[in-house]
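All ligand and atom numbering here is 1-based and tracks the order in the structure.
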Amino acid sequence: MTPRPYALLAELTYRCPLHCPYCSNPATHTGGEELSLDEWTRVFAEAAALGVLHLGLSGGEPLARRDLPKLVTAARQVGLYTNLITSGVGLDANRARELQAAGLDSVQISFQSDDPAQGNTIAGSKAHDAKLKAVRLVHDHGLALSLNVVIHRLNIDRLPQIIAFAESLRPERLELANVQYHGWALRNRNQLLPTREQAQTALLVAQKAQARLKGKMDVVYVLPDYLQDRPKPCMQGWGRHYLTVNPAGDVLPCPNAGSIPDLVFENIRQGSLASIWNESANFNRFRGTEWMPVPCRDCPQREIDFGGCRCQAALLTGQAAATDPVCALSPDREIVDRILDHAWRTEPDDGLVFRQNPQAVLS
Ligand SMILES: C[S@@+](CC[C@H](N)C(=O)[O-])C[C@H]1O[C@@H](n2cnc3c(N)ncnc32)[C@H](O)[C@@H]1O
Ligand code: SF4
Ligand code: SF4
């Protein structure tokens with residue numbers, strides 16, 4: 001039986017004023033105009049009818065869509081919980097009021113660092129103060145706040161300061177997400193991968209903070225997966241609970257699935273969300289365990305991690321159906337070990353490529 005999706009990630013646009021070198025998203029989309037308000041309204045209604053409860057409004061920068069409050073209204077009208085996933089840049093008092101009036105439930109704001117200078121450098125833009133202002137507006141308008149900080153070799157040593165900074169901003173939840181190596185992050189992988197010592201220290205810092213802040217602020221720590229010996233249960237399984245619609249209307253099992261070369265995804269302009277979710281050959285391709293190769297096929301972990309990430313398998317081995325090479329049981333694990341060796345010999349500020357600005361280097 002086809003599982004029921006419970007969360008939709010709506011990538012409203014790939015436009016963004018920031019230039020994060022770890023950004024997992026492309027800077028532009030192909031396949032025509034961004035979906036219109038009417039098209040998104042249809043997508044939200046079809047998602048709710050399919051059983052989706054939670055909507056992430058993301059990008060790029062979702063605040064770049066002038067019609068964002070109308071999009072929130074459309075989602076609330078069909079009963080979706082709405083979470084705005086934003087850099088905070090572009091939120092002013094007017095927009096905060098409009099979003100609150102539209103029924104927005106919560107806001108996740110990302111920071112690059114606790115330190116303004118480092119934050120601005122990593123964002124490739126003077127964004128830190130605008131983010132602080134956005135946090136204040138979220139509180140002033142009574143919206144639930146969570147924070148996200150992407151962690152990598154350039155900021156991982158500041159984890160204690162980042163956690164203290166986050167605490168001072170009073171979010172309900174703090175997500176410390178080690179970089180996932182897709183998109184721009186893949187281009188900057190050598191500079192962004194933390195060392196093993198950095199990762200071990202950071203894990204202890206995160207665990208202590210989780211214990212100390214229990215009941216006050218949820219601290220979620222996403223491990224740096226190249227440094228693990230088992231993969232993540234990516235998306236809790238392909239086509240199981242999550243779906244993404246990108247700015248051009250392609251429907252994907254995860255935001256990065258567009259990077260898998262031999263998969264062409266269906267578009268919401270050509271079919272209903274239900275027919276794509278239930279019948280798409282691409283959604284069905286990696287559902288369940290039938291598709292799995294050895295060693296996953298006979299492994300007791302196969303219903304726990306689902307063989308890891310299909311995008312990562314495709315990127316690193318050329319085969320989307322391979323065992324995620326992060327797994328120590330994968331015959332391709334040596335690919336990851338070679339990447340780590342090479343990265344640890346690269347200087348962190350050596351030729352960092354910023355999103356949308358291939359010439360810029362960190363200096
Ligand atoms: C693609 S961004 C779009 C929303 C908004 N522009 C922002 O950055 O908050 C969505 C979320 O993914 C995070 N993110 C981006 N690239 C990432 C990566 N390579 N690994 C882990 N998280 C990433 C961002 O920090 C943000 O919380
Ligand atoms: S991660 Fe950075 S560059 Fe990417 S969309 Fe978000 S703010 Fe923009
Ligand atoms: S062999 Fe496959 S199922 Fe087993 S732990 Fe590794 S990735 Fe997971």
Side-chain angles (χ1 to χ4, degrees), residues 9-27 56-65 83-91 107-113 119 122-125 127 130-131 134 146-152 155 173-189 192-193 220 222-225 228-234 237 244 246-247 255-256 289 291-313 321-333 354-357:
L9 184 71
E11 294 185 327
L12 301 176
T13 179
Y14 284 148
R15 287 173 286 138
C16 180
L18 275 59
H19 307 280
C20 311
Y22 56 71
C23 184
S24 53
N25 276 356
L57 294 160
S58 187
E61 179 44 63
L63 287 163
R65 288 279 303 225
N83 181 33
L84 177 64
I85 302 169
T86 175
S87 67
V89 175
L91 192 68
V107 182
Q108 175 187 296
I109 297 180
S110 58
F111 278 85
Q112 281 66 22
S113 177
I122 296 173
S125 161
K131 289 165 182 281
S146 58
L147 299 180
N148 160 281
V149 185
V150 176
I151 304 297
H152 42 76
N155 66 2
R173 181 175 186 271
L174 167 64
E175 182 180 77
L176 300 163
N178 272 281
V179 171
Q180 311 277 315
Y181 292 97
H182 304 286
W184 298 85
L186 192 66
R187 303 174 72 165
N188 292 305
R189 186 172 58 190
L192 297 176
L193 268 168
V220 178
V222 181
L223 292 161
D225 83 334
Q228 311 307 305
D229 59 8
R230 291 291 181 272
K232 294 195 175 67
C234 187
T244 295
N246 77 11
N256 301 306
T289 53
W291 62 272
M292 287 184 175
V294 174
C296 299
R297 192 182 301 157
D298 310 314
C299 177
Q301 288 280 109
R302 66 184 183 278
E303 305 267 7
I304 297 169
D305 65 26
F306 312 100
C309 173
R310 295 307 87 225
C311 308
Q312 187 149 277
T323 295
D324 187 331
V326 159
C327 182
L329 303 173
S330 156
D332 298 310
R333 171 69 211 197
F354 287 77
R355 185 186 196 255
Q356 267 184 321
N357 189 356

Is there side-chain contact between [X] and [Y], with at least one heavy-atom pair below 4.5 Å?
{"X": "L18", "Y": "Q112", "result": "yes"}
{"X": "L84", "Y": "L63", "result": "yes"}
{"X": "V222", "Y": "Q180", "result": "yes"}

Could you tell me if any non-hydrogen atom of Q108 lies under 4.0 Å from any atom of ligand 1? yes

H182: heavy atom below 4.0 Å from ligand 1, yes or no? no

List the steps, then state whether side-chain contact (heavy atoms from CB on, under 4.5 Å) holds for H152 with I122. CA-CA 11 Å; H152 42 76; I122 296 173; 3.6 Å; yes

Okay, side chain of [X], backbone of [Y]: is any donor-acceptor separation there less than 3.5 Å?
{"X": "N25", "Y": "Y14", "answer": "no"}
{"X": "D298", "Y": "V294", "answer": "no"}
{"X": "N155", "Y": "V150", "answer": "yes"}
{"X": "H19", "Y": "A123", "answer": "no"}
{"X": "K131", "Y": "S110", "answer": "yes"}

Within a distance under 4.0 Å of any heavy atom of [X], pick out the atoms of ligand 1 and give their elements.
{"X": "C23", "result": "16 (N)"}
{"X": "N148", "result": "24 (C), 25 (O), 26 (C), 27 (O)"}
{"X": "T86", "result": "5 (C), 7 (C), 9 (O)"}
{"X": "V179", "result": "19 (N), 20 (N)"}
{"X": "G59", "result": "1 (C), 3 (C)"}
{"X": "E61", "result": "5 (C), 6 (N)"}
{"X": "N25", "result": "1 (C)"}
{"X": "S87", "result": "5 (C), 7 (C), 9 (O)"}

Using heavy-atom distances, let me know which of [options] sits nearest [atom].
{"atom": "atom 11 (C) of ligand 1", "options": "I85, V222, N188", "answer": "I85"}
{"atom": "atom 4 (C) of ligand 1", "options": "A123, S110, A185, G60", "answer": "G60"}
{"atom": "atom 10 (C) of ligand 1", "options": "A64, A127, P255, S58", "answer": "S58"}
{"atom": "atom 15 (C) of ligand 1", "options": "P17, S24, C20", "answer": "S24"}

Locate the shortest heavy-atom distance separating F306 from M292; write the atom from each residue and the value. C-CE, 3.5 Å

Atom of A321, atom of R310 and distance for their closest heavy-atom approach: C-NH1, 3.8 Å

Under the side-chain hydrogen bond (donor to acceptor under 3.5 Å, both in side chains) rule, what do E175 and N148 come out as? Steps first, then yes or no, please. CA-CA 5 Å; E175 182 180 77; N148 160 281; 2.8 Å; yes

Kindly determine whether E61 and T13 satisfy side-chain hydrogen bond (donor to acceptor under 3.5 Å, both in side chains), including the steps that lead there. CA-CA 7 Å; E61 179 44 63; T13 179; over 6 Å; no

Under 4.0 angstrom from atom 22 (N) of ligand 1, is there any protein heavy atom? yes

Can you find a non-hydrogen atom of G59 under 4.0 Å from ligand 2? no

How long is the span from the SG atom in C23 to the CZ atom in R187, to the nearest 0.5 Å? 11.5 Å

Is the closest N or O pair between Y22 and ligand 1 shorter than 3.5 Å? yes

Going by chain and residue number, what protein N/O/S atoms come nearer than 2.8 Å to atom 2 (Fe) of ligand 2? C20 SG

Run the numbers for me: atoms of ligand 2, each under 4.0 Å from some heavy atom of G60, listed by number. 5 (S)

Listing by chain and number, which residues have a heavy atom under 4.0 Å from ligand 3? R230, P231, P295, C296, C299, Q301, R302, D305, G307, T323, C327, L329

Go through the steps to decide whether S146 and Q108 satisfy the test side-chain contact (heavy atoms from CB on, under 4.5 Å), and finish with yes or no. CA-CA 5 Å; S146 58; Q108 175 187 296; 3.4 Å; yes

